[in-house]
Amino acid sequence: TKPKEPELPLFFGWFLLPEEEERIKCATMDFLKTLDTLEAFKEHISEFTGEAEKEVDLEQYFQNPLHLHCTTKFCDYGKAEGAKEYAELQVVKESLAKSDELSVTALIVTPRIFGARVALTETQMKLWPEGEDKEGVAPALLPSVEALPMGSRAHVTLGCSAGVEAVQTGLDLLEILALQKEGKEGTQVEMDLGTLSYLSEGRWFLTLREPITADTTFSSFSD
Ligand code: 2AM
């Protein structure tokens, strides 16, 4: 009989250390608390509530994911394309259980998700699967996504609104980056953490003045 193949995980990624997770959650929650009090945000409130006069408490609006992480490869226990090949890469095997520092350069809020954009280093890019940026992207958005630098989709999902799956964060991030590249940025507001811009349809992007770094461990995850 053939030896049993090792099972593939749900996904691989960088997982924030517990104390880092708390620090990032606090810092980003403070941003949410401020965002929903801004006049600029209130002007577009109906994009979150469906009604013009209704208020929204963004802290309640988004549900926290269990463990904060930046997904590198979604394997779906081997069902996702390229899962096995990724798990077998030398660089993946060598990186497992190793510490690494992630750099968060922006925060994004849409009616669907709350997330943090991660700027990958050259070394971290070696763990970013080729073609992963365009996975599940709508055909209409593909040309713009292909024009973005590799790794543009890297992020940490910080929260999802009711009924929304975390995979949406990467898709919304790409859409925002594509709009920015076309120069479609609207209102800009200076905040303590950085510059906030509005990109239509309830999309907000905060460019951090100083990146937020977080210590992580590269690991696989299975439910
Ligand atoms: P996330 O990386 O935006 O958080 C388990 O579902 C994890 O894999 C989540 O972290 C999720 O999104 C990510 N994920 C789920 N489905 C995915 C997909 N089709 N492509 C890429 N990542 C996915």
Side-chain angles (χ1 to χ4, degrees), residues 7-18 20-22 24-25 28-29 32 58 61-87 89 92 95-96 100 102-120 124-142 144-146 148-178 202-206 212 214 216-223:
E7 280 174 35
L8 290 165
L10 180 59
F11 66 93
F12 287 90
W14 292 283
F15 288 77
L16 276 75
L17 305 187
E20 295 287 83
E21 207 168 47
E22 274 322 297
I24 302 290
K25 275 185 187 168
T28 57
M29 273 300 164
L32 278 193
L58 288 178
Y61 185 86
F62 294 114
Q63 273 117 56
N64 268 128
L66 277 180
H67 299 289
L68 296 188
H69 65 271
C70 174
T71 306
T72 52
K73 175 70 187 170
F74 179 68
C75 294
D76 202 8
Y77 306 108
K79 279 181 271 180
E81 210 187 304
K84 188 162 177 277
E85 290 75 5
Y86 183 80
L89 289 176
V92 170
S95 304
L96 284 171
D100 208 343
L102 287 187
S103 175
V104 169
T105 55
L107 299 178
I108 63 168
V109 173
T110 75
R112 298 163 293 281
I113 57 85
F114 175 35
R117 182 184 194 192
V118 173
L120 299 177
Q124 289 166 347
M125 279 296 259
K126 300 203 165 83
L127 287 165
W128 193 255
E130 194 163 351
E132 200 61 14
D133 286 321
K134 0 181 233 191
E135 209 48 52
V137 169
L141 194 65
L142 262 185
S144 332
V145 168
E146 279 164 347
L148 295 170
M150 202 172 138
S152 291
R153 187 174 180 157
H155 67 275
V156 175
T157 297
L158 298 169
C160 292
S161 64
V164 173
E165 304 264 10
V167 63
Q168 192 63 45
T169 313
L171 300 171
D172 281 9
L173 172 59
L174 290 172
E175 208 169 67
I176 288 177
L177 297 177
R203 291 176 284 230
W204 296 89
F205 188 90
L206 177 79
I212 302 174
T216 68
T217 308
F218 185 73
S219 160
S220 64
F221 181 90
S222 298
D223 224 348

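The structure displayed is predicted, hence computed values, not measured ones. Each ligand, and each atom within it, is numbered from 1 in the order the structure gives.
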Subject >> Any M150 side-chain heavy atom under 4.5 Å of M125 side chain >> reply: yes
**OP:** Between E132, E135, H69, flag the one that comes closest to atom 9 (C) of ligand 1 by a heavy atom.
**Re:** H69
Subject >> Selection residues 157-178 - residue pairs positive for salt bridge (Lys or Arg N to Asp or Glu O under 4.0 Å), sequence neighbours left out >> reply: R112-D172, E175-R203
Original post:
Counting distance only, does the side-chain N/O of D133 pair as donor-acceptor with the main-chain N or O of G151 below 3.5 Å?
Top reply: yes
**OP:** List the closest protein heavy-atom neighbour of atom 2 (O) of ligand 1: residue, atom name, distance to the nearest 0.1 Å.
**Re:** T71 OG1, 2.5 Å
Original post:
Has Q63 got more than 12 heavy atoms of other residues, nucleotides or ligands less than 6.0 Å from its CD?
Top reply: yes
Original post:
So which protein heavy atom does atom 14 (N) of ligand 1 come closest to, and at what separation?
Top reply: F74 CD1, 3.5 Å
Original post:
Is the number of heavy atoms from other residues, nucleotides or ligands within 6.0 Å of CD (E146) greater than 12?
Top reply: yes
**OP:** Could you find the nearest protein heavy atom to atom 4 (O) of ligand 1 and give me its residue, atom name and distance?
**Re:** T157 OG1, 3.0 Å
**OP:** Look only at interatomic distance and state if A166 has a nitrogen or oxygen under 3.5 Å from any nitrogen or oxygen of ligand 1.
**Re:** yes
Original post:
Against heavy atoms of F11, which atoms of ligand 1 measure under 4.0 Å?
Top reply: 5 (C), 7 (C), 8 (O)
Original post:
With a 4.0 Å heavy-atom cut-off (strictly under), which part of H155 contacts ligand 1: side chain, backbone, both or neither?
Top reply: side chain
Original post:
Taking only residues two or more places apart in sequence or in another chain, which ones pass side-chain contact (heavy atoms from CB on, under 4.5 Å) with A80?
Top reply: D76
Subject >> Within-cut-off N or O pair, T169 and ligand 1, under 3.5 Å >> reply: no
**OP:** Considering heavy atoms of the protein only, find what lies nearest to atom 20 (N) of ligand 1 and give residue, atom and distance to 0.1 Å.
**Re:** V167 CG2, 3.7 Å
Original post:
Is there a donor-acceptor pair closer than 3.5 Å between any side-chain N or O of Y86 and the backbone N or O of W128?
Top reply: no
